[in-house]
Amino acid sequence: MARSWALYQWQELSALVTFALLPNIQLVLGQVQSRTTFPAPVIVPPSESWDGNDGPWSTFVFQIGTPPQTVKLLPSTISDQTWVIAEEGCQTGDPADCHTLRGELYNYNASSTWDPNLSSTSSDVYDLELEVALNYTGKGRYGFDDITLGYIGSGGLAVKNQSIAGIATKSYFMGLFGLTPRSQNFTSFNDPIPSFMQSLQNEAQIPSLSWSYTAGNQYRLENVFGSLVLGGYDSSRFMKNNVTFGLDVDIEIAVELEAITTGTGQSLLPSPIAAISLDSTLPYIYLPTEACTLFETAFGLTWNDTVEMYLLNDSQHSALLSQNPSLTFRLGTSPNTVNITLPYAAFNLNASWPIVPTTTPYFPLRRAVNDTYILGRTFFQEAYVIADYASKSLSVSQCEWDKPLVQNIVSILPANATSTPTPSGTPSRLSTGAIAGISVGGAAAGLVGIVLLYLCHFKPRRHRQRAAELASNTPAEQEQEQVLKPEMADTSVASPTVYEAEGAKIGPPVEIGEGERPIYEMPAVEIPASEINSVNEPRLIIERRNHVYYKG
């Protein structure tokens with residue numbers, strides 16, 4: 001039996017509509033698939049002040065607890081903890097501005113969200129256990145509280161219930177913000193506490209487990225504050241190079257130091273150091289005693305046994321300012337090395353209370369203890385360090401000073417990501433809602449166009465073709481065609497009698513499947529399913545290594 005004319009028309013219109021909508025559906029699915037799901041890097045705001053008793057140093061501002069208490073901290077590239085100066089850190093007999101000198105104090109008793117760490121069940125006071133190889137000691141009152149980046153009212157990122165230590169010892173004069181994502185453990189049980197960096201990744205607040213840092217300084221461009229980015233880096237702050245070092249989350253970040261030379265080419269390092277730590281916790285550069293002796297000869301330095309520092313008298317200080325030497329640190333192994341050059345201004349620092357009674361210039365070099373070699377915060381004034389724990393890679397670059405420092409933040413994506421990092425401020429992809437709105441609008445316009453095309457072109461043409469077919473049919477076929485009612489594609493009615501819905505005339509009942517007439521179904525147009533790509537989080541770095549390798 002011939003297919004009904006109405007069904008034929010409906011199928012054709014359905015195909016045209018589907019054809020019009022398909023590109024818009026594909027656009028939506030394609031954009032959702034390719035749309036990045038990584039958060040933007042987190043910029044830790046500098047306090048815009050210079051602090052410390054061995055600096056001056058550009059600090060970074062945080063809020064601790066509820067209600068928030070503002071403190072200023074220094075980044076530590078080897079610590080996994082956040083330390084703040086507790087109220088016990090300023091005692092009777094200390095200078096009246098002790099709290100200001102130490103970056104403000106934190107009163108845990110005044111915070112409603114403070115929760116003491118009672119892992120030991122008897123006390124919340126634990127050994128600090130940082131820089132122990134250098135004979136630093138101290139204790140801290142540990143607990144959990146909320147941490148917010150930036151000043152009050154700035155709308156900075158907030159992370160709740162973070163591990164915090166309130167310290168009083170003056171061995172660490174300023175509080176510290178740990179950058180290492182290594183977990184903390186306060187007992188002998190397998191009960192690790194995530195670091196701040198690990199918490200950011202667990203809460204999908206940063207694109208990857210990475211950070212970048214440079215200390216800033218007062219002697220360049222009329223003061224340049226430090227830069228600290230979590231999950232990315234500021235490409236405007238350094239000169240790129242192709243040297244990459246290995247990185248392991250379980251040990252301190254370290255590189256090979258091949259040489260130290262003056263601007264005149266004089267060597268100040270007797271032999272290369274296989275592993276020297278990049279440790280911003282302290283300002284000093286710890287070198288072997290033989291190297292320190294070469295420094296003493298080159299710059300007229302005198303070791304002070306009492307404070308174990310190279311304090312400078314007025315004549316020594318004036319001579320160094322006049323000489324204005326520069327030092328170049330060559331990292332890596334030739335020929336794959338990177339040079340970081342520091343002017344003498346980077347070493348022109350002052351020590352103050354409680355190190356010495358009155359402010360005194362000093363040279364930030366120290367004799368290594370227990371074969372522990374360190375490039376401290378002084379080095380970070382001219383070095384830009386990027387640590388990517390997901391890819392186990394570390395880069396050290398010379399800071400850029402020859403062009404305006406227009407911030408350009410670039411994301412560091414996980415190692416298994418296929419897309420490239422996008423600089424901050426670059427227009428991002430349209431949101432899903434915007435894509436959907438554009439697609440629906442385009443689909444509606446296309447649909448209107450298709451309907452008009454169907455009504456003005458295809459339907460009249462089909463009517464003409466149908467009239468020609470009827471004219472060519474035999475009288476018997478024409479009679480049969482006139483008897484059949486073409487509505488709803490129902491060919492089961494063989495009688496000329498017309499029955500209307502809800503009418504008074506009731507025809508004989510016809511059940512589904514009764515009779516020998518064929519049943520026709522509307523053709524389904526299936527759109528292939530498309531799933532949104534998933535991005536697997538990188539697994540924790542568990543293989544220990546501490547060697548240098550290079551990327552071509």
Side-chain angles (χ1 to χ4, degrees), residues 39 42 44 62 64-65 73 75-84 108 111 113-133 136 138-149 157-167 172 175-211 230-231 246-254 277 279-281 387-394 412 414-416 536-546:
V42 173
V44 183
F62 300 81
I64 312 294
L73 309 177
S76 171
T77 56
I78 68 165
S79 175
D80 51 35
Q81 301 175 3
T82 299
W83 293 359
V84 293
Y108 51 86
S111 175
T113 47
W114 164 261
D115 185 18
N117 185 337
L118 300 177
S119 297
S120 69
T121 70
S122 60
S123 174
D124 58 355
V125 177
Y126 303 83
D127 292 329
L128 294 177
E129 296 185 352
L130 186 65
E131 312 289 15
V132 292
Y136 278 73
K139 295 182 180 294
R141 186 178 301 279
Y142 279 83
F144 305 91
D145 212 336
D146 301 344
I147 299 179
T148 302
L149 308 185
L157 174 71
V159 185
K160 295 185 176 299
N161 199 37
Q162 293 301 293
S163 180
I164 294 174
I167 68 172
Y172 304 96
L176 299 175
F177 176 65
L179 297 177
T180 302
R182 182 175 50 246
S183 298
Q184 309 164 36
N185 204 328
F186 290 85
T187 69
S188 58
F189 304 103
N190 187 22
D191 186 23
I193 296 173
S195 65
F196 187 88
M197 287 293 295
Q198 188 64 60
S199 295
L200 287 182
Q201 187 188 52
N202 293 345
E203 297 179 9
Q205 300 275 21
I206 52 177
S208 65
L209 207 56
S210 59
W211 53 260
L230 311 181
L247 181 66
D248 194 318
V249 70
D250 293 325
I251 58 177
E252 297 177 5
I253 61 176
S277 176
D279 181 2
S280 66
T281 309
D388 183 355
Y389 290 93
S391 64
K392 298 183 180 181
S393 65
L394 174 77
I412 299 176
N416 61 345
N536 296 324
E537 293 290 341
R539 66 184 180 88
L540 294 176
I541 302 171
I542 60 174
E543 297 179 358
R544 182 182 300 270
R545 61 185 177 85
N546 188 26

Review point. If only atom types and distance count, is the side chain of D146 paired as donor or acceptor with the main-chain N or O of G65 below 3.5 Å?
Key: no
Review point. Rounded to the nearest 0.5 Å, how far apart are CG of D124 and CG of L118?
Key: 6.0 Å
Point to revise | Contacts of type side-chain contact (heavy atoms from CB on, under 4.5 Å), residue T180, not counting sequence neighbours | key: D80, R182, Y389
Check your understanding: Minimum heavy-atom separation for V159 to S199, with atom names?
Key -> CG1-CB, 4.2 Å
Review point. Is a donor on one side and an acceptor on the other found under 3.5 Å between the side chain of Y126 and the backbone of N117?
Key: yes
Point to revise | From CG (D145) to NZ (K160), nearest 0.5 Å | key: 9.5 Å
Check your understanding: Which heavy-atom pair separates A204 from P39 by the least distance, and what is that distance?
Key -> O-CG, 3.3 Å
Study note, to complete from the structure: Sorted by chain and residue number, the side-chain contact (heavy atoms from CB on, under 4.5 Å) partners of V125 (sequence neighbours excluded) come out as S123, K139, R141
Check your understanding: Judged by modelled atom types alone, do Y142 and Q81 share a side-chain donor-acceptor pair under 3.5 Å?
Key -> yes
Check your understanding: Is it true that a side-chain atom of T77 and a backbone atom of S280 form a donor plus acceptor pair closer than 3.5 Å?
Key -> yes
Exercise for review: Output the distance between atom CD1 (I64) and atom CH2 (W114), rounded to the nearest 0.5 Å.
Suggested key: 10.5 Å
Check your understanding: Of all residues at least two apart in sequence or in a different chain, which pass the side-chain contact (heavy atoms from CB on, under 4.5 Å) check with Q205?
Key -> L157, L200, E203
Review point. Can you tell me if T148 uses its side chain to pair, donor with acceptor, with the backbone of A158 under 3.5 Å?
Key: no
Exercise for review: Mind checking the OG-CD spacing from S79 to E131? Nearest 0.5 Å is all I need.
Suggested key: 9.0 Å
Study note, to complete from the structure: Between the OG atom in S210 and the CG atom in L394, the distance rounded to the nearest 0.5 Å is 12.0 Å
Review point. Would you say L130 and I78 make side-chain contact, with heavy atoms under 4.5 Å?
Key: yes
Exercise for review: Check whether the side chains of Q162 and T82 place a donor and an acceptor atom closer than 3.5 Å, and report yes or no.
Suggested key: no
Practice item. Indicate the atoms forming the closest heavy-atom contact of P192 with S183, along with that distance. Key: CB-CB, 3.7 Å
Check your understanding: Which word best sums up how the rings of Y136 and Y172 line up, parallel for under 30°, tilted for 30 to 60°, or perpendicular for over 60°?
Key -> tilted
**Study point:** Contact check, side chains of F62 and V44, non-hydrogen atoms, under 4.5 Å
**Key:** yes
Exercise for review: Answer whether the closest heavy-atom distance between the side chains of M197 and L230 falls below 4.5 Å.
Suggested key: yes
Check your understanding: Just by modelled atom types, is the D250 backbone N or O under 3.5 Å from a matching donor or acceptor in the D248 side chain?
Key -> yes
Revision key, fill the gap. Value for CD1 (I253) from CG (L179), rounded to nearest 0.5 Å, stands at 8.5 Å
Review point. What pair of heavy atoms forms the shortest contact from I193 to S163, and how long is it?
Key: CG2-CB, 4.2 Å
Check your understanding: Does I164 reach the side chain of Y108, with side-chain heavy atoms less than 4.5 Å apart?
Key -> no
